[in-house]
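Just below is one structure, and these are the notes that go with it.
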Amino acid sequence: MKLGINIDHVVTLREARGTTYPEPAVAAILAESAGCSSIVAHLREDRRHIREEDIIFIKEVIKVPLNLEMSINKDIVAFASRIKPYQATLVPERRLELTTEGGLNLLKDYKKIEKVIKVLKDEGVKVSLFIDPNKRQIERAKKIGANLIEINTGRYSNANPSSGCLKVELAKVKEAAKFAKKQGFFVAAGHGLDYENVKRIAKIKEIEELNIGHAIICHSIFMGIVSAVEEMLSLIKT
Ligand code: PXP
């Protein structure tokens, strides 16, 4: 199982006080040294954390692939086309949300998304689509040319472990992963995963990569980022 580390929240700390530290590129290098397989960063339209110059510097110093999370905003697509990350993960974005709230709606927005996929693929960027665990979304992702998909585990992560909802949401993720794999997709998953809830998702054999940010950066405050990444890697080992 591969692990992508999202380092956005290293920058959340920097932006909280307008300092020049902590430096996200250092976090990226340390996460890489701990064995993660990619670095993930979300350049949000409101630039609330990661900024363009962070992305450029991170890309320069890491050896593992950079996965740039982004909306289909014109300026951000132009930036991604210019710097050419290894991969772009397209996500929906709403200004007032605390974090990405759900997957893309490919049934509604597929025309705009299809155009962006083409622009990025023409620049040699692999394109992943962040979608809810739903067969129709997966089928549409295939149709509009995505290279891979990331299944949104947000509803699973938010489900109360003592309620039946967790089982239901886990089953949806499993079923979607199986279906996506059958369609020939490389299947990633993420959102809201932490040290408690990650194992059930890591056991789904069709899922090949997990992208995790907030829980690992939080744990890093006490453990240091190398130990925090190593601990997560040991949990998801399959
Ligand atoms: N995957 C996607 C597409 C995301 O938008 C995010 C949040 O930026 C993550 C994974 C990581 O989520 P978390 O920070 O909850 O681990």
Side-chain angles (χ1 to χ4, degrees), residues 1-13 15 24 27-28 31 36-51 54-55 58 65-73 76 80 85 87-95 97-106 113 116 126-134 137 141 146-159 169 173 176-177 180 185-199 201-202 207-221 225 228-229 231-233 235-236:
M1 175 70 77
K2 292 180 164 186
L3 176 63
I5 303 291
N6 179 314
I7 53 163
D8 293 347
H9 296 302
V10 174
V11 189
T12 302
L13 272 181
E15 296 303 303
C36 76
S37 37
S38 61
I39 297 295
V40 187
H42 187 171
L43 181 65
R44 293 189 73 102
E45 290 168 21
D46 62 8
R47 309 298 194 273
R48 70 172 71 155
H49 38 56
I50 291 280
R51 301 188 196 159
D54 295 318
I55 297 288
I58 290 164
L66 172 66
N67 175 2
L68 178 63
E69 272 184 28
M70 52 181 272
S71 70
I72 56 168
N73 170 283
I76 299 205
Q87 180 182 321
T89 299
L90 304 184
V91 299
E93 202 172 303
R94 288 200 311 119
R95 285 283 158 115
E97 67 190 359
L98 281 179
T99 179
T100 313
E101 282 172 348
L104 294 161
N105 185 348
L106 301 182
I113 294 168
V116 173
K126 287 217 293 182
V127 183
S128 174
L129 300 180
F130 182 61
I131 52 179
D132 291 331
N134 174 300
Q137 298 287 347
N147 295 105
L148 62 150
I149 60 153
E150 178 173 338
I151 297 175
N152 178 15
T153 54
R155 288 177 74 96
Y156 159 78
S157 301
N158 290 333
E169 295 303 332
V173 174
F185 276 124
F186 177 97
V187 185
H191 213 275
L193 296 176
D194 62 29
Y195 294 85
E196 298 291 324
N197 66 19
V198 76
K199 274 196 160 180
I201 296 290
I207 296 178
E208 294 169 74
E209 179 176 56
L210 298 177
N211 292 316
I212 309 181
H214 186 260
I216 293 178
I217 301 306
C218 289
H219 202 42
S220 304
I221 293 172
I225 192 164
V229 172
E231 191 176 327
M232 185 57 81
L233 279 168
L235 289 175
I236 67 171

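In each ligand, atom 1 is the first atom listed, and ligand 1 is the first ligand listed.
- Just one of Asp8, Leu68, Asn6, Ile212 meets the side chain to side chain contact (heavy atoms under 4.5 Å, CB included) condition when paired with Val40; it is Asn6.
- Side-chain atoms of Gln137 and Asn105, non-hydrogen and from C-beta on, do get closer than 4.5 Å to each other.
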*asked:* What verdict does the side chain to side chain contact (heavy atoms under 4.5 Å, CB included) test give for Met232 and His219, after you've listed the backbone C-alpha separation in whole Å, the side-chain angles of each residue and the deciding distance to 0.1 Å?
replied: CA-CA 10 Å; Met232 185 57 81; His219 202 42; over 6 Å; no

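- Scanning all protein heavy atoms for the shortest distance to atom 14 (O) of ligand 1 gives His214 N, 2.9 Å.
- Contact atoms of ligand 1 toward Ile212: 16 (O) (distance under 4.0 Å to a heavy atom of the residue).
- The two residues Pro65 and Ser37 have their closest heavy-atom pair at CD-O, 3.2 Å.
- Atoms of ligand 1 lying under 4.0 Å from any heavy atom of Val91, numbered from 1 in the order shown and given with element: 3 (C).
- Annotation for ligand 1: atoms under 4.0 Å from non-hydrogen atoms of Asn6 are 8 (O).
- Considering backbone and side-chain N/O atoms, Gly192 comes within less than 3.5 Å of an N/O atom of ligand 1.
- The local environment of CD in Glu231 is crowded, with over 12 non-hydrogen atoms from other residues, nucleotides or ligands closer than 6.0 Å.
- Of the listed residues (Asp132, Ile113, Ile149), just one forms a side chain to side chain contact (heavy atoms under 4.5 Å, CB included) with Leu106, and that residue is Ile113.
- Atom 12 (O) of ligand 1 has His191 CA, 3.6 Å as its closest protein atom, hydrogens excluded (heavy atom only).
- Nearest protein heavy-atom contact of atom 3 (C) of ligand 1 is Phe130 CD1, 3.3 Å.
- Distances from atom 8 (O) of ligand 1 to the heavy atoms of Glu69, His9, Glu150, Met70 put Glu69 nearest.
- Inclusion of Thr89 in the set of residues having an N or O under 3.5 Å from an N or O of ligand 1 is not warranted.
- Among Glu209, Lys2, Gln87, the single residue meeting the side chain to side chain contact (heavy atoms under 4.5 Å, CB included) criterion with Ser38 is Glu209.
- Residue contacts with ligand 1: Gly213 is placed with a nitrogen or oxygen under 3.5 Å of a nitrogen or oxygen of the ligand (distance criterion only).
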